[in-house]
Structure formats: structure tokens, C-alpha cells
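Data first, discussion second: the structure below is written as C-alpha cells.
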Amino acid sequence: MTPPGLPNAMERPHFIGIGGAGMSGIAKILAQRGAKVAGSDARDSETAQALRAHGATVHIGHAAAHLAADSTCVVVSSAIRSDNPELARAAELGIPVVHRSDALAGLMDGLRPIAVAGTHGKTTTTSMLAVSLSALGLDPSYAIGGDLDAPGSNAHHGEGDIFVAEADESDRSFHKYTPQVAIILNAELDHHANYASMEEIYESFETFVAKVVPGGTLVVAHGQAGAAEIAARVAGNEGLRVVTYGEEEAADVRITKITPRGLTSEVTVVIDGRMLTFTVSVPGRHYAHNAVAALAAGVALGIPAHNLASALGKYTGVKRRLQLKGEAAGVQVIDSYAHHPTEMSADLEAIRGAAGDSRILVVFQPHLFSRTQELGKEMGQALALADAALVLDIYPAREDPIPGITSEIIIASARAAGADVTAEHEKDAVADVIAGMAKPGDLVLTMGAGDVTDLGPQILARLSS
């Protein structure tokens, strides 16, 4: 099958913030479909270079002059501020502004979409599906919130009829999609600038599920409280098939065993009355659950379970999701994108299971003032799972500071939970501090959604010296 061409008005799109994980993926697919793609980003990056290799024009910095007068639309994400000069120029020229989610929805038209939703685990689960479906020769299109193995590998325009995409609840943009299969991995209170309560979260996910096409399938975690609540609320939706997965006896796809094997796991499931065992090439129970969600979604599209289970073993991880950055002086350095307390605890428990008697040292960078305000105490409690931690200043991303909200909230909570935690206000000092702390056999985790990821190579270089 030949996938559809370009969505309406996407012949010459201009992306503001084209280097972002979600934006760059859409830009890449449009370029692969023949669009003349342009855009701008705050700084140059390997992602920007990868887009240039696909024929895109990428400007560094934001300026009105970067927007070509013949652009057919301007694509923005919720992170773009209203005073952006390119946005102002678009208004002057009368160029329509399109939200990232609308552009992605347009790319899915005419295909069989799988939309992966949840507070945690979207990128991993989407990646598992993309890799396994590709390994089976199905050549899916996909848009992922992280790179698989190289810059720009977060998206692909495939010749097959399946489109796998992350469905982002943070700004309710996942309401734009009409998937054939929807996955809900979990639901917890996060994105406090947009959601005031769990009730608002539940209502938002209900709206997402209501967009599943008639005769479509919802794959949902049986044992996670938020996901189970949503499943109960949508149980009466006409034309919706609900498939649950988990370790509980009542789950439709039941996980009977998860066996840790170093930095991998062996997972046994019962699906459609048949027992299957397969390998997941990342450690930890939550990653095993992600793989089983991917398995259930693929089976819902008619892919034989035993084929998909075997292909899932081809997945070797995605950048920043417990990614081994290297080893020096007997110390392994691992990068974790975890920034919500649930994610932090899950990754630390996974590494603890793989580390044996080794010490775990964490360099944690809180992400967003609003998240720290709401969940800082829980972040500190999660850090108590490490043997020692450095806590950096808050990474603001798109936010302005909130008076009184600093990393000290996390540090105080961590110490109250018995953790060995030190504040570090100078990022440039981290490599020296960790080199002074680490001993052969230790594991160092750089953790957070901001630029803490840049410290892994610095720590390795310092350990080597």
C-alpha cells in the first residue's frame, strides 16, 4: 500500500522549535513525503543536522526573517510562547498556524493508527512497537518522543498501513487523534499547569478513548489504579473492545513471570490461551509491562502473537530510557529521562535489581517549577532508593520561576527519608564531584528531562582521566 500524501496546507511548512522531539519527527515525515520543510530552533543540534540531511532548511535562533513569505503554514507546539517573532510574522502575512497535534493527526489519515497514551512509558512503548513491526517487515510509519539509536531516528515514513504515535495528554492534544488501537499505560496527576485534579485527568482520557474508531480496541493496564478507573468509565462505550493486561489473574493478557537477567528481562505471558516467553532488552518490571502492552496492541491489529513476541526481542532501548552511556574506571554511567516520582522510583528499582551489590549514585535535575511545587516531596522520597545523590537546580524549560520553589524542597524531603543527598548549583562541577565519589563497580545515573543528559559524557571523560 502507498500511504497518503501531504495533509492540507503542509506543502511548505515552517516549524517553530523544529529540533524538539515531537516537532522534529513530524518535520521528518513531511520531508520524506515530499514537503519543502523549514523551521527554526534555539540552538543547533544533531537532530537539526539530521533534518538538513532530509532536505529541510533549519535556522538557528528565532527571527521574523526566518519565516519565508510563501510558507503554507506555521507549525507550533504548546511550548512556543505567544511573543515569538516568527509567530508574529505569520500573523502579519496571514499564514495559518497549525498545532503540532493537528499536523500529526493529518499524517495518520488513511492509515491504521496505534496511539500510545499514559503519564509514563509512552516513548518506550511506541519505540517497542516501531522496532518490532519494522522487524516483521511491516514498515510502519511512526513518531516517537525520543531517538531509537541515532539523531533523527524518532520518526519514519513507512510504506505500510500502520502508524504508531505517542499520544500526549499534557496539553490535551491527544484528543485530535482517531486511532484504531489506543493504549493507556497509566494515569496519574501531572502537568499541573493544565490539570487541577485527577478528575480532570480522567475526563481528558475519556475524551481520548471516545475518539477510537468504531470497532477499535483499547489496551489498558489492569493493575494501575488510574488506568483501571478509565477502563471502568468507558466500559459501556459502543463499538469499543477493551483488552486489559497485567499480572492480575483477571487480566485478558496475563503476565505470569518476569525474570531479571542483568540489564534485560525475560517475560512470560498468557495471551488468547497460549503461553509465550520473550526477552525485553531493558531491565525492570515497568519496561516488561510496556512490552506486553505493545504485544496486546499489535495482536489487536491482527498480527500473530508469537511473531510479535519474537520481534519485540529486537528492541534494544531508546535514548535516555536507562541508556548505558559508557563505562570508565569500572564505573557504568546510565542516562534516565525519569522526572516524575513514579518514573524515578521505577528506574531506580530497575537498576537496583540489575546492580546487585553495586552502589547507585544519582545526579538528578528537577524539571519544571510547577512539577517541583506539586511533587517535590515525592521526588525526594524516590531519591532515597539511591545510595547517594546530587540534586541540581530546577530546569525551567518553558516556565518562569515560582517564588520559594527550589530544589531545596526535594533535598529536604530526601534527607527526611534517610537519603544521602547533596545540593550542587554548578553543573560544570558535577563531573569532578562524581569522580571523587565513585568507586569501581558503582553505577551513576544522570536523571531528569532537562540538559542533565549532557553530563554523562563529561562524567565518563573525567573518570577516564
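None of these values were measured; they are calculated from a predicted model.
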Practice prompt. Please name all residues satisfying side chain to side chain donor-acceptor pair (under 3.5 Å) with Tyr202, sequence neighbours left out, ordered by chain then number.
Written response: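 Tyr202: no side chain to side chain donor-acceptor pair (under 3.5 Å) contacts found.
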Can you list everything that forms a salt bridge (charged side-chain N to carboxylate O under 4.0 Å, His left out) with [X]? Sequence neighbours excluded, please.
{"X": "Glu248", "answer": "none"}
{"X": "Asp139", "answer": "none"}
{"X": "Lys377", "answer": "none"}

Taking the side chain as everything from C-beta on, heavy atoms only, tell me whether [X] gets closer than 4.5 Å to [Y].
{"X": "Met108", "Y": "Tyr177", "value": "yes"}
{"X": "Ser173", "Y": "His99", "value": "yes"}
{"X": "Phe369", "Y": "Pro396", "value": "yes"}

Discussion item. Go through it in stages, so that I can follow the logic: the residues are Asp451 and Gln365, the test is side-chain hydrogen bond (donor to acceptor under 3.5 Å, both in side chains), and I'd like the CA-CA distance, side-chain angles, deciding distance and then a yes or no.
Written reply: CA-CA 8 Å; Asp451 58 8; Gln365 182 188 52; 2.8 Å; yes
Using the test side-chain contact (heavy atoms from CB on, under 4.5 Å), find all partners of [X] that sit at least two apart in sequence or belong to another chain.
{"X": "Pro304", "value": "His306, Asn307"}
{"X": "Ala461", "value": "none"}
{"X": "Arg261", "value": "Thr259, Thr264, Glu266"}

Counting only pairs under 3.5 Å, give me each side-chain donor-acceptor contact of residues 36-43, with atom names and distances, residues two or more places apart or in other chains.
residue, atom, partner, partner atom, Å
Ser40, OG, His62, ND1, 3.0
Ser40, OG, Glu86, OE1, 2.6
Ser40, OG, Glu86, OE2, 3.0

Practice prompt. First locate atom CE of Met128, then atom OG1 of Thr123, and finally report the distance between them rounded to the nearest 0.5 Å.
Written response: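 Taking CE in Met128 and OG1 in Thr123, the distance rounds to 11.5 Å.
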Fill in: Atom pair CZ (Arg33) and NE2 (His157), whose distance is rounded to the nearest 0.5 Å
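Result: 6.0 Å between the selected atoms.
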Worksheet item: Got a salt bridge between Asp357 and Arg352, using NZ or NE/NH1/NH2 to carboxylate O under 4.0 Å?
Response: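 Not counted as a salt bridge, because no side-chain N and carboxylate O are separated by less than 4.0 Å.
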Report all side-chain donor-acceptor pairs from residues 436-444 shorter than 3.5 Å, counting only partners two or more places apart or in another chain.
residue, atom, partner, partner atom, Å
Asp442, OD1, Arg359, NE, 3.3
Asp442, OD2, Arg359, NE, 3.2
Asp442, OD2, Arg359, NH2, 2.7
Asp442, OD2, Lys439, N, 2.8

Worksheet item: Does His289 have any ring-ring contact (aromatic ring centres under 6.0 Å, His included) partners at least two apart in sequence or in another chain, and if so, which?
Response: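 Not a single residue meets the ring-ring contact (aromatic ring centres under 6.0 Å, His included) criterion with His289.
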Discussion item. Enumerate the side chain to side chain donor-acceptor pair (under 3.5 Å) contacts for residues 400-409, please, sequence neighbours excluded, ordered by first and then second residue.
Written reply: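 Checked against side chain to side chain donor-acceptor pair (under 3.5 Å) - neighbours excluded - the pairs reaching residues 400-409 are Arg81-Asp400.
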Worksheet entry | Any pair counted as salt bridge (charged side-chain N to carboxylate O under 4.0 Å, His left out), so long as it reaches residues 18-28, sequence neighbours left out |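 Every candidate salt bridge (charged side-chain N to carboxylate O under 4.0 Å, His left out) pair involving residues 18-28 fails, so no pair, neighbours aside, qualifies.
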